[in-house]
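Indexing begins at 1, ligand by ligand and atom by atom, following the structure's order. The figures that follow rest on heavy atoms only: side chains count, while hydrogens, waters and symmetry mates do not.
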Amino acid sequence: MKILILGSGGREHAIAKKLLEDNPYINLYFYPGNGGTSLIGKNIGNNYSISDLAFFSKKNNIDTTIVGSEFFLMQKIVDLFNFYKLNIIGPKYLSAKLEGDRIFAKSFMKKYGICTPKYEIFNSYNDAISFVKKNKKFPLVIKTNGLAYGKGVIITHNESDSNNELKNIMIEQKFGKSGNKIIIEEYLEGKEVSIISIFNRKKIIPFLSSRDYKKVEENDMGLNTGGMGSIVPNPYMNNFLFNDFKNNILEPTLDGLITEKLEFFGFLYFGLMIYKNKMYLLEYNTRMGDPEAQSLFPLMKNNFLNILKSCFYGNDISIKWKNCSSCCVVLSSKGYPKKYKKGNIIKGLKYLKEPFYIAGAEKLNEKWITSGGRVLNIVGISNNIENSRKIAYKKVKKIQFDNIYYRKDIGLI
Ligand code: GLY
């Protein structure tokens with residue numbers, strides 16, 4: 001069996017390692033992949049368009065393609081693969097808009113009574129400014145409409161702060177065209193939760209809850225990143241909140257997906273907030289989270305390929321999890337998410353115990369060197385978060401490279 005995985009991060013390495021652990025006979029291909037994926041499969045090249053990927057899949061008899069990164073979804077890769085009758089796991093463009101078009105997503109949430117923070121939509125800078133002046137409630141959340149790769153969400157704390165950001169986004173186009181239309185949303189101060197699920201066109205099957213640490217500095221300070229760590233399960237979730245999520249977010253989402261004919265086979269990620277003991281949906285993503293996937297896979301008991309096969313045929317499946325917790329610490333290059341140096345030699349990787357995943361690192365002449373902002377994802381597994389955290393940080397201590405940076409508070413909830 002041949003599987004092509006699209007993306008270049010720790011998440012894609014985690015998907016691949018889990019697939020191989022359960023099914024050592026499969027052949028894996030990656031586009032573009034990273035230094036870790038090149039050791040367990042074949043990185044097929046660079047500068048491929050989605051048509052090149054379809055051509056590659058057809059020519060090489062790829063059985064299925066798993067879309068890791070959202071980057072490919074908004075380019076309509078699933079529509080193209082479907083046209084050529086190539087198997088692919090992910091939503092078509094219309095459904096991927098639940099992630100790639102925030103106004104579309106918010107309108108969907110409103111239409112189906114999904115519990116989400118209050119919001120207003122603006123395509124005029126002057127109207128947005130007047131709203132901020134009249135509203136007078138801070139903080140506020142300003143969101144660009146289109147994908148801005150984790151950067152299009154800004155929290156402002158007063159009127160002049162908000163006006164400046166609105167000018168940057170709407171007039172100076174800091175995020176390009178994705179800022180032509182924006183959302184201003186009420187800010188909810190609470191605990192963030194991620195729930196990744198798999199959607200089999202009929203049913204949404206949730207995975208364990210997780211928490212992503214998005215900010216670069218400890219105590220959730222500093223710039224937003226792609227994620228500096230994750231834990232599973234999220235310690236703030238309980239049965240009451242899960243039922244609230246199920247009744248007021250998951251089920252109305254399912255109703256909306258079916259009614260609007262947005263069914264697909266793939267992952268649906270709910271970005272949630274617990275606010276005053278109630279669950280709110282902040283955003284959908286239409287793929288797995290990174291680095292949540294890196295904490296989830298080591299706890300999954302099922303053969304992941306069997307989950308994918310069952311969902312492909314629209315069958316229900318019960319996903320079994322180890323009765324453990326996991327904690328993933330992201331080792332990054334100092335300076336990330338802004339400028340950082342590449343090419344630093346990584347020491348200690350050879351003796352590092354599993355699980356760990358490569359993100360921005362490659363092997364050159366038998367030496368591992370850094371090649372990205374997020375370099376390695378190191379995971380600890382144990383009976384509770386505290387012990388998983390201890391194990392993860394003990395493993396972290398075994399790795400050295402110049403300009404290493406990581407948060408010390410992952411798992412301290
Ligand atoms: N961890 C958040 C994301 O993958 O978007």
Side-chain angles (χ1 to χ4, degrees), residues 5-15 34 66-74 89-91 95-102 105 141 143-155 175 178 191-199 206-217 220 222-234 236-237 266-274 280-299 326-332 336-337 357 359-360 372-379 406-407 410-411 413:
I5 300 177
L6 304 180
S8 61
R11 167 185 51 202
E12 287 71 37
H13 197 206
I15 293 172
N34 64 35
I66 302 175
V67 185
S69 157
E70 66 274 28
F71 172 76
F72 301 93
L73 296 173
M74 289 305 279
I89 303 174
S95 315
K97 279 171 67 185
L98 286 171
E99 170 166 5
D101 181 337
R102 291 191 171 111
V141 186
K143 294 180 169 178
T144 60
N145 186 33
L147 274 185
Y149 299 99
K151 293 183 187 137
V153 179
I154 291 165
I155 296 163
F175 300 114
S178 73
K191 301 294 176 196
E192 280 188 62
V193 179
S194 313
I195 296 185
I196 294 170
S197 64
I198 189 159
F199 182 36
F207 291 1
L208 292 178
S209 64
S210 48
R211 184 188 163 189
D212 172 22
Y213 294 76
K214 289 198 178 74
K215 299 283 185 185
V216 71
E217 290 165 24
D220 291 331
L223 295 173
N224 260 339
T225 70
M228 297 301 291
S230 60
I231 52 172
V232 173
N234 187 308
Y236 293 104
M237 279 304 276
F267 303 99
L268 188 61
Y269 167 127
F270 297 86
L272 303 155
M273 182 71 82
I274 304 171
Y280 288 79
L281 179 63
L282 304 185
E283 62 177 15
Y284 293 111
N285 293 322
T286 51
R287 34 87 196 166
M288 296 191 86
D290 182 338
E292 290 95 326
Q294 292 89 309
S295 282
L296 277 162
F297 278 119
L299 302 187
S326 73
C327 173
C328 167
V329 180
V330 172
L331 303 192
S332 69
Y336 171 79
Y357 306 107
R374 290 190 292 170
V375 176
L376 287 172
N377 308 145
I378 296 190
V379 184
Y406 55 91
R407 275 181 61 163
I410 306 300
I413 55 182

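- Taking the ring centroids of Phe270 and Tyr284, they lie under the 6.0 Å cut-off.
- Nearest non-hydrogen protein atom to atom 3 (C) of ligand 1 is Arg287 NH1, 3.4 Å.
- Between the CG atom of Leu208 and the CG atom of Leu296 there is a distance of 6.5 Å, given to the nearest 0.5 Å.
- Proximity to Gly289 (heavy-atom distance under 4.0 Å) selects the following atoms of ligand 1: 4 (O).
- A heavy-atom distance below 4.5 Å is not found between the side chains of Pro91 and Glu99.
- The contact set between ligand 1 and Tyr269, taken as ligand atoms under 4.0 Å from a residue heavy atom, comprises 1 (N), 2 (C).
- Remark: ligand 1 and Asp212 share an N or O pair separated by less than 3.5 Å (distance only, no angle test).
- Neither the backbone nor the side chain of Arg211 comes within 4.0 Å of ligand 1, counting heavy atoms alone.
- Ligand 1 has no nitrogen or oxygen under 3.5 angstrom from a nitrogen or oxygen of Arg11.
- In summary, Lys214 and Glu192 engage in a salt bridge, as defined by a charged side-chain N under 4.0 Å from a carboxylate O.
- Annotation: side chain of Pro291 is in contact with side chain of Cys328 (closest heavy-atom distance under 4.5 Å).
- Less than 4.0 angstrom separates some heavy atom of Glu292 from each of these atoms of ligand 1: 1 (N), 2 (C).
- The shortest side-chain heavy-atom distance between Phe72 and Arg287 does not fall under the 4.5 Å cut-off.
- The atoms of ligand 1 that sit less than 4.0 Å from any heavy atom of Asn285 are 5 (O).
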